[in-house]
Amino acid sequence: MIRTMLLLLLAAGPAMADVAFEDARSALPGPPLVYDGGWEHFVGGGVALMDCNNDARPDIFAAGGANPARLFINRSEDGFAFDEGVLDPITGATGAYPIDIDGDGNVDLAVLRVGENLLMRGDGQCGFARANEIWGFDGGDRWSTAFSATWEPGRDRPTLAIGNYVDRSDPDGPFFACDVNELHRPVPDGYAETNLEPGFCALSALFQDIDRDGAPELRLSNDRHYYVRGGYEQLWDLDPLHERVAAGEWEQVSIWGMGIASHDLTGDGLPEVMLTSMGDQLMMIAEGTAYVRAPVSIGTYATRPHTGEDGRPSTGWHAEFADVDNDGLMDLFIAKGNVDQMPDMAELDPNNLLMQGRDGAFTEVAATAGIATTDRARGAGFADFDGDGRLDLVVVNRRAPLELWRNMSDAGPALALDLEQPGPNRDAVGAIVEIRQDGSVRSFERLIGGGHVSGSLLPLHIGLGTGGPAEIRILWPGAADYSDWQPVDAGPRTIRRN
C-alpha cells in the first residue's frame, strides 16, 4: 500500500507559516551574472554553495556558460552582503559541485564544462587552483551535465561520476547521439576512468544507498529529447559494476529527465526520489526494494504553469527538498523554464515552491512567496546566507540575471548540523542522521550530487517545528550501526566522529 498520504503524520508540526522571500540581488557585486551561450548551453546553468573560507557563511560559485563563471564571497552579518571573489577565467562551465577531494578540510570544486572538466583545489581562503594534473584526473573534452561523488571503502579519495549529454563530435547528431558517461575511481597515481555505456544524455546523477545495504548506487536521470527512444533512467551498482535496468533488476522509466532530488518523506528510513521532466514532475515513493509512482493527490506533479494563462506543459530542471519554514516538514522547490523556444512547452513558466502539509500533500505557494519568476530557470540552491536560521534561495537563469532571495518567512527554530570524521571522507558524505522529536523520527543524508548541475556542501538544515526536545543519532559511513542518541538544540552544531 502506498503510504504517501500518511507522510509525517507522526511528525506533525505547527500549521503552515506565512512564507515570503525578499529580492536580495542588490547584495551581489558587479554586473549581473547571466548564464548564456548557444545550443550547448540550452542545458546547464548550475550553482555551487559552500563555505570556501571557513567563516561559517555560505559562498556562491555560479556557472556562466559562454560567460565567465563568478565567485561571490559572503560578508553578510545584519542583512546580505557579498564581495566578488578572484577566479582564473572559466568559460564553458555548465555547473559545479563543492567537495573536499583531498581531505584537508578545505572545500574544492568539481567544475563541469562544455570541454575539459576541472577539479579545482581550494586553499581555505576562497582561492581555487587547477588540480587536474596534481590529482591525476583526465578532464576530457565532452559536454558534461551531471556529477556525483562517493567514497568507496579502502580508497583515499572520492569516486567521481560524470554524466555527459550529446556527443558533439557525432556528425549524425544530435538525435540518437548521446555520449557515454564516466566513472573515475582513485588509483595510486591518480584516477582510472571507466565508461558507463550506453549513455542516454544524462542531466543529473546521484550516488545514494537507496536500499540501505551499505553500498551506494548511482542513479542517472536522462533526457529522452535526444535519446528519443530505447533509453531510460539508469541505476548502476558499483561492485560488481553493472546497470540494474538493463539486467532486468529495476523498473524501466523513460522521461525527459532533468534533475534529481531525494529525501525520506514517509519516515520509513528509505529515500523517496523526485525526477524533474517536461510535463509531469515524477515523484517516486520507496516501497521496500522497489519504487512506485506517487498519486496525483500528493500535489508534486506540477505539470503546467501555476500563474498566467499559458496552458502548455512546464519544463522542470533543478529540484531540491528543503524545510523553508522550519516546521519539520520538507518542502520542494522546482526551477522551471523553457529549453529555449520550444513551441509545445510553456513560454512563461514560473518556478514552484511546494510546501508540505501535515497530511503529506504539497501546496503551491511560489506566487504568494514572491519567487514565481518566469525567466528560464536552470540550477538553484538553498543556504542560510545571513545566519538567521532560515534558508535563502539562489536561482541561475538562462539569458537572464541570477536571482538571490532572502527568506523573510515566519519560521520556527532550526538545527544547522555539520559532520566531521577522520580520514579521507572528512565531511562524512554518505552519513545518515536521524532526529527524534515529538514522538517521531526523521532522517537526513549527507550527499554530493543530484539537482541540475548544482550542488552544496553545507551543514544539514533541520527544522525543529514545535521546538520540543530533540535527539539525534548518526549512521557514519561504513559503520555497522547508529551512534547513541544525544540531545540537540537549535542553532549551529558540529559533531565529530571519534
Side-chain angles (χ1 to χ4, degrees), residues 24 27-30 33 35 45-64 68-77 80-91 93-113 117-132 134-135 137 147-149 157-158 160 320 379-387 391-396 402 404 416-420 424-429 446-449 451 453-461 492 494:
L28 297 172
L33 178 134
Y35 182 78
V47 61
L49 304 178
M50 71 259 165
D51 179 8
C52 58
N53 55 6
N54 300 310
D55 66 353
R57 297 172 179 149
D59 308 298
I60 302 170
F61 174 98
R70 304 264 298 277
L71 179 65
F72 300 106
I73 311 302
N74 192 349
R75 307 298 186 197
S76 303
E77 291 185 6
F80 274 22
F82 291 83
D83 291 340
E84 186 85 29
V86 177
L87 278 177
D88 289 336
I90 302 175
T91 57
T94 58
Y97 289 80
I99 177 174
D100 185 356
I101 291 176
D102 55 4
D104 66 353
N106 298 324
V107 66
D108 310 307
L109 276 174
V111 181
L112 304 185
R113 299 177 67 240
N117 296 320
L118 301 173
L119 298 184
M120 309 286 289
R121 187 176 187 179
D123 63 4
Q125 298 298 319
C126 291
F128 293 94
R130 175 189 175 97
N132 287 23
I134 295 173
W135 289 330
F137 172 77
F147 178 88
S148 191
R157 279 169 294 154
L160 312 176
E320 187 166 340
F382 284 97
D384 181 6
F385 291 114
D386 55 359
L391 287 174
D392 311 302
L393 175 66
V394 59
V395 181
V396 179
L402 175 145
L404 181 64
L417 180 65
D418 212 358
L419 303 177
E420 291 182 11
N425 182 10
R426 187 178 185 277
D427 294 303
V429 174
R446 179 88 125 181
L447 302 172
I448 292 178
V453 211
S454 300
S456 66
L457 186 59
L458 293 170
L460 295 173
H461 182 92
T494 299

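Please read all numbers here as calculations on a predicted model, not as lab measurements.
Side chain of Asp83 to main chain of Arg75: no donor-acceptor pair is present (N/O by atom type, distance under 3.5 Å, no hydrogens or angles). Of the possible polar contacts, none joining the Arg57 side chain to the Asp384 backbone as a donor-acceptor pair under 3.5 Å is found. With Tyr97 contributing its side chain and Ser456 its backbone, the two residues share no donor-acceptor pair below 3.5 Å. Between the side chain of Thr94 and the backbone N or O of Leu112, at least one donor-acceptor pair lies under 3.5 Å. A donor-acceptor distance shorter than 3.5 angstrom exists from the side chain of Arg157 to the backbone of Trp135, with no hydrogens or angles considered. The backbone N or O of Asn74 lies less than 3.5 Å from a partner atom in the side chain of Asp59, making a donor-acceptor pair. Looking only at distances, a side-chain donor or acceptor of Arg113 sits under 3.5 Å from a matching main-chain atom of Thr91. Judged by distance alone, with hydrogens and angles left aside, the side-chain atoms of Asp100 form a donor-acceptor pair with the main-chain N or O of Gly105 at under 3.5 Å. For Asn53 (side chain) and Cys126 (main-chain N/O), no donor-acceptor pair under 3.5 Å exists by modelled atom type.
With salt bridges taken as basic N to acidic carboxylate O contacts below 4.0 Å, one links Asp102 and Arg121.
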(message) Does Asp392 form a side chain to side chain contact (heavy atoms under 4.5 Å, CB included) with Val394? I'd like the steps, not just the answer.
(response) CA-CA 7 Å; Asp392 311 302; Val394 59; over 6 Å; no

(message) Using side chain to side chain contact (heavy atoms under 4.5 Å, CB included), reason through Val111 and Phe61 one step at a time and then give a plain yes or no.
(response) CA-CA 10 Å; Val111 181; Phe61 174 98; 4.1 Å; yes

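The side-chain heavy atoms of Ile99 and Pro158, taken from C-beta on, include a pair separated by under 4.5 Å. Considering only heavy atoms from C-beta on, Phe147 comes within 4.5 Å of Ile448 through its side chain. Counting only heavy atoms from C-beta outward, the side chains of Leu119 and Asp108 never approach each other to under 4.5 Å. Contact annotation: the side chain of Phe382 never approaches that of Leu458 to less than 4.5 Å [non-hydrogen atoms, C-beta and beyond].
Counting heavy atoms of neighbouring residues, nucleotides and ligands inside a 6.0 Å radius, atom CG of Asp88 does not exceed 12 of them.
Closest approach of Ala63 to Gly95, counting heavy atoms only: CB-N, 3.7 Å.
With sequence neighbours excluded, the residues satisfying side-chain contact (heavy atoms from CB on, under 4.5 Å) with Asn54 are Asn106.
In this structure, CD1 in Ile73 is found 4.0 Å from SG in Cys52, a value given to the nearest 0.5 Å.
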